[in-house]
Structure formats: structure tokens, C-alpha cells
Amino acid sequence: MSRYEPSLTEPKWQAAWDAAHVFRAHHDPQRPKYYVLEMFPYPSGRIHMGHVRNYTMGDVVARYKSSCGFSVLHPMGWDAFGMPAENAAMERGGHPKEWTYGNIADMRAQMKPLGLSIDWSREFATCDPEYYGQQQAMFIDMMEKGLVYRKAAVVNWDPVDMTVLANEQVIDGKGWRSGAPVERRELTQWFFRISDYAEDLLEALDGLKDWPEKVRLMQANWIGKSRGLQFAFETVGAPAGHERLEVYTTRPDTLLGASFAAIAPDHPLAKALEATNPAVAAFIAECRKGGTSEEAIETAEKIGFDTGIRVKHPLDPTWELPVWIANFILMDYGTGAIFGCPAHDQRDLDFARKYGLAVTDCFLPAEGGEPVGKTAFVPMKSERVRWLKAYAWPELATGEEAIAAAIAHAEAKGYGRGVTNFRLRDWGISRQRYWGCPIPVIHCATCGVVAERKENLPVRLPDDVTFDQPGNPLDRHPTWRDCTCPTCGAKARRETDTMDTFVDSSWYYARFTAPRAATPTDAAECDYWMNVDQYIGGVEHAILHLLYSRFFARAMHATGHLPAKAIEPFNALFTQGMVTHEIYMTRDAQGRPVYHLPEEVENGALKATGQTVDIIPSAKMSKSKKNVVDPVSIVTTFGADTARWFILSDSPPERDVEWTASGAEAAFKHLSRVWRLAYEVDTRGAGDATQDMALLKAMHRTIADVTAGIEGFAFNKAVAALYAFANAVQKSDASAGAKRQAMLTMAQLMSPMTPHLAEDIWAMLGGAGLVAQAAWPKADPAMLVEDSVTLPIQINGKRRAEITVPKTMPQAEVEKLVLADETVVKVLAGGTPKKLIVVPGRIVNVVI
RNA sequence: GCCCGCGUGGUGGAACGGUAGACACAGGGGACUUAAAAUCCCUAGCCGCACGGCGUGCCGGUUCAAAUCCGGCCGCGGGCACCA
């Protein structure tokens with residue numbers, strides 16, 4: 001073989017790695033372990049470049065750590081439950097189970113040629129009964145610990161299809177299939193008590209030093225701890241039982257600017273009025289239109305209804321405020337009731353202007369300032385302002401000071417108390433769908449809601465279900481619901497809700513440490529392998545998946561399934577950027593968007609029909625938008641190493657990368673060149689031993705740069721250093737021995753990124769064994785030292801000249817040289833500089 | 001609407017507050033070849049013949065020195081609890 005031929009060598013090396021069980025994770029107490037995990041994929045059926053990017057990054061880390069002497073765990077599995085399988089069954093027939101396992105087989109077959117260093121012996125899918133049965137066992141344990149409960153919660157209801165919709169299935173307030181306006185409807189649902197852990201989940205963020213700051217910030221904001229005042233208004237004209245209206249406010253300092261009280265449409269008082277007052281009922285029905293997402297609620301037009309009820313102001317019982325029902329008040333936050341201070345809250349101001357309610361300024365800027373007009377005055381709470389409506393603090397005070405004083409005042413006078421609130425709500429896990437983990441609970445007429453016996457687990461999904469109509473197939477299955485009560489033995493009915501798929505992905509990392517254990521986890525294996533040392537995945541999971549996992553690890557610890565050290569399961573987190581691509585869209589007869597895969601499109605039109613497509617600028621690659629690129633064709637054309645090299649080049653890992661086809665060929669060319677450099681080690685050039693030192697210095701420089709690049713998750717910089725090193729080898733006329741040494745090191749440094757090519761070169765140049773098992777090279781510090789340094793000379797911050805001086809030259813000597821420099825002499829024209837700044841080894845700035 | 005990011009040549013990007021544009025892609029020129037492919041060499045931010053000037057989304061500030069720090073805008077992206 002005289003040229004780079006990945007189609008021949010890549011399968012060969014993959015077979016060699018398999019035969020030697022190179023990637024099998026060993027519980028070896030003699031060695032330090034390293035657990036690297038990439039967020040496992042949903043088995044859509046096709047891998048895309050986002051997967052390639054994610055798994056290649058993880059693979060670089062896994063292979064690098066392995067060569068540094070760690071016992072590495074690098075597993076792979078499938079996040080296999082979820083809606084797409086049911087949608088496929090509805091659209092194309094077939095069964096979610098067959099669809100899912102077929103997709104898994106396809107995707108595994110697409111992933112294997114990438115040459116990832118994965119321990120495939122630990123593979124599992126969350127839809128395996130062996131997995132979800134253990135999840136059911138933990139659910140039962142958590143029930144016993146009081147971490148699970150039921151309550152009413154709102155869902156998106158499609159009144160035509162008579163089914164619950166996911167937020168994703170609500171488009172512009174309408175059902176995606178029926179097109180009918182969606183309503184908010186209450187159902188009894190299962191919840192995890194994540195809010196019990198709100199404080200802990202917030203405080204523990206500080207300890208996650210190796211998580212991106214932005215993720216910790218997002219989680220902190222999501223948990224949303226706030227300090228405020230809770231107090232009760234005395235009502236006038238309210239139905240019996242509603243003599244008091246509890247409200248929560250984070251701005252009690254604006255109490256004298258109150259102009260109305262507002263309650264959520266789901267507030268008990270609103271419901272009481274709804275029952276007797278048709279006008280209220282009509283208004284609330286209006287509020288229930290549209291989806292349940294916070295986005296839908298926040299962006300909907302703000303509407304209100306004056307109930308006619310009034311409340312007495314706590315600071316002045318003669319002052320009465322009207323009580324409105326408003327669609328932007330959330331029942332889930334605080335008490336579901338607020339008072340509005342329009343002058344200092346934009347939303348309240350818009351509402352007040354719309355309905356002609358009073359606007360009273362509480363404070364103005366410390367200097368000057370005018371009464372509020374169209375824009376509410378909302379300064380930072382730390383800003384000092386001039387108070388017009390202070391009632392327990394000085395005229396000049398910050399918001400923070402005023403809030404503290406207002407709470408103290410309320411507590412002293414006894415009309416309210418300081419309260420800490422969280423935005424975080426309990427985690428609703430009920431799904432009225434088939435393809436999920438059944439909630440292992442039985443409804444008995446006499447015993448109530450009872451957990452299934454553990455020996456009856458897993459509660460398996462029935463296979464004989466149909467998807468010819470909307471709704472939950474478990475609900476309409478003829479026999480599956482029938483069972484006997486575990487407590488009294490009477491006839492009973494099984495719970496037909498299944499679990500949110502976020503539950504499945506909240507503990508898979510722990511299961512990988514003992515994937516075949518007969519209990520959810522195995523203590524010894526957990527103890528050795530936990531925590532995940534490096535977790536890698538998309539930023540889109542920054543809040544929900546990661547927060548749920550952090551909660552679940554705590555719940556698993558509380559139920560004895562994880563050691564205390566694992567309550568924060570991910571030591572380090574890296575959030576990769578997304579792979580983006582253009583989106584191709586047409587519209588169907590109803591004007592709804594239809595998306596098309598890149599390979600279905602040619603020259604701006606559908607290949608099949610010639611219909612013109614709209615090209616929407618690059619966005620995240622997603623199944624629903626179908627803007628996915630198929631890596632398989634890249635691999636078959638150029639080989640896995642080219643795909644891997646390309647995806648690591650150029651773009652920093654945390655940033656989005658737009659996929660362009662043009663780069664793949666260039667990557668292939670470079671790998672071919674490197675192969676050729678190794679092949680021609682003995683034959684290329686005359687060989688001049690006086691150049692050896694320069695080449696070896698470049699080699700050590702590269703070792704240092706590549707190591708730093710990998711350690712610092714800057715793979716693009718590691719790649720750049722390897723490009724530079726290839727250039728250096730190519731230009732060098734060093735002796736054959738030095739070049740051989742350089743290329744062996746090149747193979748080692750490239751092996752985490754292009755493992756097959758590295759084995760090619762390693763074998764060609766007589767390296768011992770597999771490069772995959774060779775120890776990582778170390779840079780010799782002595783070889784990194786430069787004797788002289790070039791200093792740019794700035795004059796007033798602009799670069800005008802430079803001098804080259806010995807690295808060790810004392811500062812005074814450097815200054816002397818600078819002042820003697822031709823350019824500097826000319827500019828100074830006999831005068832002396834105002835200032836001379838010498839940053840050793842860096843720069844000189846002459847200020848004149 | 002709310003929370004969080006990002007913005008540097010034609011393109012992807014590099015740059016402990018210290019020479020802006022490393023390393024690449026695309027481009028231009030050349031060598032080799034009957035020719036092409038492949039490969040190799042040179043070139044290259046923008047304006048200008050040049051001296052030089054201008055340049056990191058926009059405006060302002062801090063500093064001897066700002067892509068980097070601070071304030072205010074604009075644009076793009078992610079998340080918003082039932083997409084995964």
C-alpha cells in the first residue's frame with residue numbers, strides 16, 4: 001500500500017481493537033478511573049453531524065485519558081421512549097417497539113464505523129423492560145419516601161382529537177393535527193417533589209466548579225429564589241370562605257403605589273366566582289384558550305376582568321382596591337395572587353393603562369425625574385432613589401433597603417411576613433401516552449392508590465395496541481388495565497399514565513456502572529465508577545435534563561441507590577455548540593409548514609416534484625425541521641477519521657458550527673499528507689542532522705499545545721497545532737531518525753482524533769503494539785524554552801517598531817535599548833518620554 | 001414577554017488586558033505535466049502607488065494599552081417545565 005486508504009484500514013483497526021478488548025471498561029482498584037459520558041441519543045434512526053461532534057469529543061477525551069493511564073468507562077445507550085415512535089406508528093403503521101429497536105440497530109450500525117472507543121458490552125435502551133423495571137422499583141421506593149404525589153395540573157387539550165398535546169404539538173394555539181384551538185384543562189397527575197430540594201439544588205451549584213458558568217446561572221434563575229412579603233388583603237364582597245386574599249410580592253416597598261389586586265384564572269376565588277357568575281365563567285373560558293407553556297401565556301395579550309370585589313389596603317383600611325382576574329398571573333408562582341403597582345412594573349403599567357387604573361409613583365430617580373408615563377420606572381434594586389411613598393425608611397434609599405424595611409414593618413405591625421419563594425415547580429411526570437415507562441401503581445376501590453409489588457415488576461407495556469386513533473392506547477386496551485389490588489386482592493385497575501422520558505434520562509449514567517444488575521444500581525460498581533468525570537452534551541439541556549438528573553441523584557441517594565458522593569453526578573460538564581444547517585420548507589394545502597431533508601433538495605427545489613422550497617437560514621439540526629446532514633456518506637467517501645478531523649477543526653467546541661460540505665475534502669487531503677509524510681520518512685530529502693534539534697523542538701512544542709488543547713476542551717487549537725507540526729515536518733530536512741521520531745509522536749498526538757490513521761502510521765514506523773494502548777507523550781520543558789524574544793515597541797499604544805533581546809535581559813537594559821531605537825529616537829526628538837512601560841517578555845509602550 | 005449566550009478578513013476561526021487575523025477553507029499567481037488530476041511553492045484584512053490611514057456588530061466609558069473590562073443599543077441563536 002503506497003497511499004492512504006481508510007476504506008481498507010479503518011475496518012482492520014476496528015477489528016483489532018475489538019479482538020484486544022481495548023475499550024472494555026475494567027473495574028481495576030489499582031488504577032484511577034475516568035468516566036466520560038456523552039448525552040445518549042434518541043434513536044431517530046439516523047445519526048447526524050451533531051452526534052458525530054458529540055461522540056467524537058467524548059472519544060478524544062476517553063482515548064486521551066486512557067493513554068494517560070486511567071481505567072476509562074465510556075458507554076453508550078439509547079433514550080428510547082418518547083413521542084416520535086408513536087407518531088411514526090400513527091403515520092406509517094407498525095409498532096413503536098419495532099420502530100424503536102429497528103432504529104437502534106440502524107444507528108448502531110452507523111456509529112460503529114466511526115471507530116469510537118465505546119464499551120458496547122454495557123449498551124442498553126431505556127425501553128428495555130430490564131431498565132424500566134428498575135426505574136419502576138425506584139419509583140416505588142420514592143413513593144415510600146414521600147417524594148411522589150398526585151395533584152391536579154393543567155394540560156393542553158385538543159377538543160377535536162380528544163387528546164392531550166405536548167407543547168411542541170401546539171402551534172399558534174392550535175392542535176398540530178386537528179387545527180382546533182387548544183384549551184387548558186386540568187387532570188390529576190403524578191409529581192416528584194423536586195421543589196423540596198430547591199434550596200439544596202441552588203446552593204450546590206456553587207460546588208460545580210467545572211460546569212459552565214452560564215449553565216449554573218440559567219439553573220439558578222430557573223430555581224428562582226426570591227425574598228418577598230406575603231400578606232392577606234381583607235376582602236369586601238367576596239363569596240364566603242374568601243374573606244382574605246393572600247398575595248405574595250417581591251416589591252413590598254411599592255405597597256403605597258398599589259392600584260389593583262389580580263388573581264390567576266385558576267385561583268380558588270376565581271373558580272368560586274366562575275361557578276355562580278356567567279360573565280366570570282365566560283372570561284375564564286377565554287383565558288383557558290391557548291397552550292400551557294409559559295411562553296404562550298407570557299406573550300398572549302394581557303386581558304383582565306374586574307370582579308367587583310374589593311380589598312382593603314393593609315396600610316389604610318379606608319383605601320379599597322379592585323380585584324381583577326388576569327390571564328398573566330400564574331397560579332403556580334407565589335399564592336396565585338398579586339397586587340399591581342403600575343408605576344414600577346411594565347406589565348402592571350400596560351394593564352393599568354388598558355383598563356384605566358390608577359398609576360401612583362412610589363419613587364423617582366435620586367436626581368430629577370418625572371412621573372411615570374408610558375414606561376414604568378424599574379431601576380436596579382441596588383440603585384439609590386428618591387422616595388415619594390416611603391413608609392418605614394428614609395427619603396433616599398435603595399430598593400433593597402426599602403424592601404427589607406417594608407418586610408420588617410409588616411412583621412412588626414403583624415399584617416404580613418417575610419417569605420422565601422422559589423419559581424421552581426414540582427416535576428409533573430404523568431404522560432397520557434403509550435410509549436413510556438408505566439407508572440407502577442394500582443387504583444383500588446377500597447385501598448385507594450397503591451404501589452405494585454416489586455416482585456411483579458416490571459409492569460410491562462402490552463404489545464397488542466393500536467394507533468389508529470388519538471389518545472392513550474393503554475386506556476382503551478381491553479384487558480391491560482385489569483389487575484388485582486396488591487393489598488386486598490380485589491379487582492383493581494392499573495394506572496395508565498406513563499412517565500416523562502426525562503425520568504429515563506435522569507439516572508442512565510448510574511445504570512451504566514452496572515447495566516445488568518438485578519437492582520437499579522450496584523453499590524460496589526457505583527462506588528468505583530461514580531461520578532461521571534466528564535459529561536458532554538448540548539446546551540439545549542442546560543436546564544431541564546441536568547436539573548432533573550441532579551434531583552434524581554438526590555432522590556436515589558435518599559432511597560439507597562446512590563452513595564452520598566454521587567448526589568452531584570456530573571463532576572465536569574461541557575456544553576458543545578450545535579451543528580446548524582439551512583432548513584428547507586414547503587407548505588401543505590392548509591398552509592402548514594412541511595420540512596424536507598437536505599438530500600431531498602437540489603438547486604432550491606424538491607428532487608421528487610420540482611417544487612420550489614423556501615430556504616430558512618441555518619438553525620439547530622433537528623428531527624422536526626429535517627435539516628439534518630447524513631454523516632454516513634461522509635464516512636463512506638472519506639473515512640471516519642476525515643469526518644472526525646473535520647468536525648474537530650476550526651470551530652471551538654462550545655460554539656455552534658455550520659455544516660458545510662466543502663471542508664471534508666480538505667480534511668481528507670490533510671490526512672493523506674500526514675500519511676505520506678510518514679511513508680516518506682526515510683526517502684524524503686537528503687537528511688541534515690543539524691536540523692534535528694529544530695524539528696524536535698517543534699515536536700515538544702506540539703506535544704505541549706495538543707495536550708493543553710485536549711485538557712482545555714479546545715480541540716480546534718489542538719488540530720491547529722497539528723497542522724503547524726505537519727508543516728514543520730514537511731519543510732524540515734532533518735535526519736530520517738528525527739523524522740521518524742517526529743512522525744511516531746504525530747501518530748500518538750493524533751490518535752484521540754484520528755485513531756485509525758494513527759494506527760496506520762504507528763504500525764508503518766514500527767511502533768510497539770497498538771497506539772491506542774501507548775502512553776501519552778510528555779513534553780520536555782527544556783525543549784520549550786526560547787533563548788530570545790521579540791518585543792514590539794508601541795508609541796502611545798500603537799506598534800511602531802520591535803527589538804529582539806535575550807530572554808533573560810534585565811529590564812533596565814531593555815529600556816536602554818528601546819530608548820536607543822531608531823524609531824523611538826526620531827519620535828522623541830531629544831525629549832524624554834512621559835512614561836516607559838516594559839511588560840517583561842511581552843511588549844514595550846513608550847508614552848510621549 | 002422572561003432567562004442565558006454569541007457577534008473578529010470572502011469563509012471557519014486565533015489572540016494570560018499587551019504585535020489583531022495563528023491554523024485552515026475558498027481565491028489569485030507560479031512549478032511539475034503533452035494535458036489534466038494529484039502534489040509542491042508563493043500571495044493575500046480593507047483603503048492607498050507609497051508615507052500612511054482605517055479596522056474585532058453600533059455608540060459611549062475605564063486604561064499607558066481594549067476583540068478582551070464597564071454602561072447603553074442592534075442583530076442572531078438556545079431555553080421557557082408534555083420535543084428529546
Side-chain angles (χ1 to χ4, degrees), chain A residues 3 39 41-42 44 79 81-84 155-156 164-170 189 194 212-215 217-222 224 291-300 302 328 332 346-347 423-433 500-502 504-505 538-545 547-548 575 577-578 580 617-620 622-624 649-652 654-658 660 662-663 665-667 669-670 672-673 676 714 716-717 719-724 727 730 790-794 796-802 833-837 839 841-847:
Chain A
R3 65 192 173 92
M39 291 180 185
Y42 179 80
S44 60
D79 189 13
F81 275 135
M83 290 200 308
V155 295
N156 301 303
V164 177
L165 298 178
N167 285 336
E168 187 195 46
Q169 298 170 321
V170 179
Q189 315 230 51
I194 189 172
E213 184 60 38
K214 65 174 173 183
V215 173
L217 233 188
M218 279 191 268
Q219 292 216 352
N221 289 339
W222 186 262
T292 60
S293 73
E294 189 172 314
E295 184 188 6
I297 292 165
E298 291 274 331
T299 54
K302 313 281 177 281
F328 57 90
D332 289 313
Q346 190 61 44
R347 205 166 48 178
R423 204 186 76 98
L424 181 68
R425 310 199 292 256
D426 276 334
W427 176 10
I429 59 155
S430 281
R431 298 292 180 271
Q432 294 71 39
R433 278 184 255 287
D500 179 6
T501 56
F502 273 124
D504 312 337
S505 56
V539 244
E540 65 270 28
H541 296 293
I543 297 176
L544 293 180
H545 161 63
L547 191 62
Y548 290 150
T575 54
M578 288 169 297
T580 64
S618 273
K620 158 182 154 175
S622 76
K623 292 180 292 294
S624 58
S649 308
D650 295 347
S651 276
E654 69 276 12
R655 215 184 288 184
D656 291 354
V657 58
E658 173 159 12
T660 60
S662 68
E665 191 158 348
K669 280 184 188 175
H670 178 72
S672 301
R673 181 166 71 122
R676 217 163 39 243
N716 56 323
K717 287 191 244 172
V719 167
L722 287 163
Y723 266 108
N727 292 342
Q730 183 157 334
T790 300
L791 296 178
I793 300 176
Q794 292 183 332
N796 287 343
K798 284 204 191 294
R799 182 178 167 279
R800 296 295 164 177
E802 61 180 37
K834 275 191 206 152
K835 213 171 186 181
L836 185 59
I837 295 153
V839 183
R842 275 282 167 195
I843 202 166
V844 179
N845 195 3
V846 185
V847 185

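Numbered from 1 within each chain, the chains take letters A, B, ... in sequence-line order.
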Original post:
Could you give the OH-to-P distance, from A/Y548 to B/A84, as a whole number of Å?
Top reply: 12 Å
Original post:
Roughly how far apart, to the nearest Å, are B/U43 and B/C23 at atom P?
Top reply: 12 Å
Subject >> Under 3.5 Å donor-acceptor pair, A/E295 side-chain atoms to B/C2 base atoms >> reply: no
**OP:** Considering only atom P, compute the distance from B/G45 to B/C64 and round it to an integer number of Å.
**Re:** 32 Å
Original post:
What distance separates A/E213 CD from A/M218 CE, expressed to the nearest 0.5 Å?
Top reply: 10.5 Å
**OP:** Indicate, with a heavy-atom threshold strictly under 4.0 Å, whether A/S430 touches base, sugar-phosphate, or nothing.
**Re:** base
Subject >> Distance-minimising heavy-atom pair for A/L791 and A/I843 >> reply: CD2-N, 3.8 Å
Subject >> Distance, P atom - from B/U39 to B/A44, rounded to whole angstrom >> reply: 23 Å
Original post:
For A/A542, which contact category applies under a 4.0 Å heavy-atom criterion: base, sugar-phosphate, or nothing?
Top reply: nothing
Subject >> Torsion-based syn/anti label for B/G9, 90° from 0 as limit >> reply: syn
Original post:
For atom C1', what is the distance between B/C69 and B/C82, given to the nearest Å?
Top reply: 43 Å
**OP:** Using the C1' atoms only, state how far B/A66 lies from B/U8, rounded to an integer number of Å.
**Re:** 14 Å
Original post:
Is the A/F502 ring parallel, tilted or perpendicular to the A/H545 ring (thresholds 30°, 60°)?
Top reply: parallel
Subject >> Value in whole Å for how far the P atom of B/G78 lies from CD of A/E540 >> reply: 10 Å
**OP:** Give A/D332 one of three labels, base, sugar-phosphate or nothing, depending on what nucleic acid heavy atoms sit under 4.0 Å from its own.
**Re:** nothing
Original post:
Out of B/A24, B/A81, B/C83, which nucleotide sits closest to the side chain of A/Y723?
Top reply: B/A24
**OP:** Could you check which of B/A84, B/A24, B/A81 has an atom nearest any side-chain atom of A/D79?
**Re:** B/A84
**OP:** Fill in the dot-bracket string of RNA chain B, one character per base: . for unpaired, | for a pair to another strand, ( ) or [ ] for pairs within the strand, taking Watson-Crick or G-U pairs under 3.5 Å.
**Re:** (((((((..(((.....[....))).(((((.......))))).(((....)))..(((((..]....))))))))))))....
**OP:** Report yes if at least one side-chain N or O of A/K835 is closer than 4.0 Å to OP1 or OP2 of B/C64; otherwise report no.
**Re:** yes
Subject >> Interatomic distance at C1', B/G13 relative to B/G1, whole Å >> reply: 35 Å
Original post:
B/C4 phosphate, OP1 or OP2: any side-chain N/O from A/N221 under 4.0 angstrom?
Top reply: yes
**OP:** Report the nucleotide, chosen from B/C4, B/C23, B/C82, that has the shortest atom-to-atom distance to any side-chain atom of A/M218.
**Re:** B/C4
**OP:** For B/G28 versus B/G7, give the span between their P atoms, rounded off to a whole number of Å.
**Re:** 31 Å
Original post:
Where the side chain of A/I543 is concerned, which of B/C64, B/C80, B/G79 is the nearest nucleotide?
Top reply: B/G79
Original post:
Please give, in whole Å, the distance from B/C3 P to A/I297 CD1?
Top reply: 17 Å
Original post:
What are the two closest non-hydrogen atoms of A/W427 and A/D500, and how far apart are they?
Top reply: NE1-OD2, 3.0 Å
Original post:
More 5' along RNA chain B: A/R347 or A/Q730, using each one's nearest nucleotide?
Top reply: A/R347
**OP:** Nearest whole angstrom, please: distance from the P of B/C25 to the NE2 of A/H670.
**Re:** 9 Å
Original post:
Any side-chain N or O of A/Q346 less than 4.0 Å from the OP1 or OP2 oxygen of B/G1?
Top reply: no
Subject >> A/D79 versus A/T501, closest heavy-atom pair with distance >> reply: OD1-O, 4.2 Å
**OP:** Quick one: label A/G428 by what it contacts on the DNA or RNA (base, sugar-phosphate, nothing), any heavy atom closer than 4.0 Å.
**Re:** sugar-phosphate
**OP:** Please check the phosphate of B/A65 (OP1 and OP2 only) for any side-chain N or O of A/N796 closer than 4.0 Å.
**Re:** no
Subject >> Under 3.5 Å: donor-acceptor pair, side chain of A/K835, backbone of A/P833 >> reply: no
Original post:
Hey, does A/V846 have a side-chain heavy atom less than 4.5 Å from the side chain of A/R800?
Top reply: no
**OP:** State which of B/A24, B/C40, B/A81 makes the closest approach to the side chain of A/N727.
**Re:** B/A24
Original post:
For A/W427, which contact category applies under a 4.0 Å heavy-atom criterion: base, sugar-phosphate, or nothing?
Top reply: nothing
Subject >> Distance in angstrom units between A/N167 CG and B/A84 C1', rounded >> reply: 13 Å
Subject >> Of A/R800 and A/Q432, the one whose closest RNA chain B nucleotide lies more 5' >> reply: A/R800
Original post:
Passes side chain to side chain contact (heavy atoms under 4.5 Å, CB included), A/E295 versus A/N167? Steps please.
Top reply: CA-CA 10 Å; A/E295 184 188 6; A/N167 285 336; over 6 Å; no
Original post:
For A/N156 and A/T292, which heavy atoms make the closest approach, and how far apart are they?
Top reply: OD1-N, 2.7 Å
Original post:
Is any NZ, NE, NH1 or NH2 atom of the basic residue among A/E294 and A/R423 found under 4.0 Å from an Asp or Glu carboxylate oxygen of the other?
Top reply: yes
**OP:** Can you see which heavy atom on A/F328 is nearest to which on A/I297, and at what distance?
**Re:** CA-CG2, 4.4 Å
Original post:
With the sugar-phosphate defined as primed atoms, P, OP1 and OP2, and the base as all remaining atoms, what B/S/- string results for nucleotides 8-20 of chain B, 5' to 3', for protein heavy atoms under 4.0 Å?
Top reply: ----BSSSB-BB-
Subject >> Separation of atom CZ in A/F328 from atom C1' in B/G1, rounded to whole Å >> reply: 12 Å
Original post:
In whole angstrom, what separates A/R425's CZ from B/G79's C1'?
Top reply: 14 Å
Subject >> Nearest heavy-atom neighbours spanning A/R425 and A/I194 >> reply: O-CG2, 3.2 Å
**OP:** Please measure how far the P atom in B/A67 lies from the corresponding atom in B/C54, and state the result in whole Å.
**Re:** 13 Å
**OP:** Specify the separation, in whole Å, of atom CD of A/E213 and atom P of B/C6.
**Re:** 12 Å
**OP:** Kindly point out which of B/C80, B/A24, B/G5 is positioned nearest to the side chain of A/K214?
**Re:** B/G5
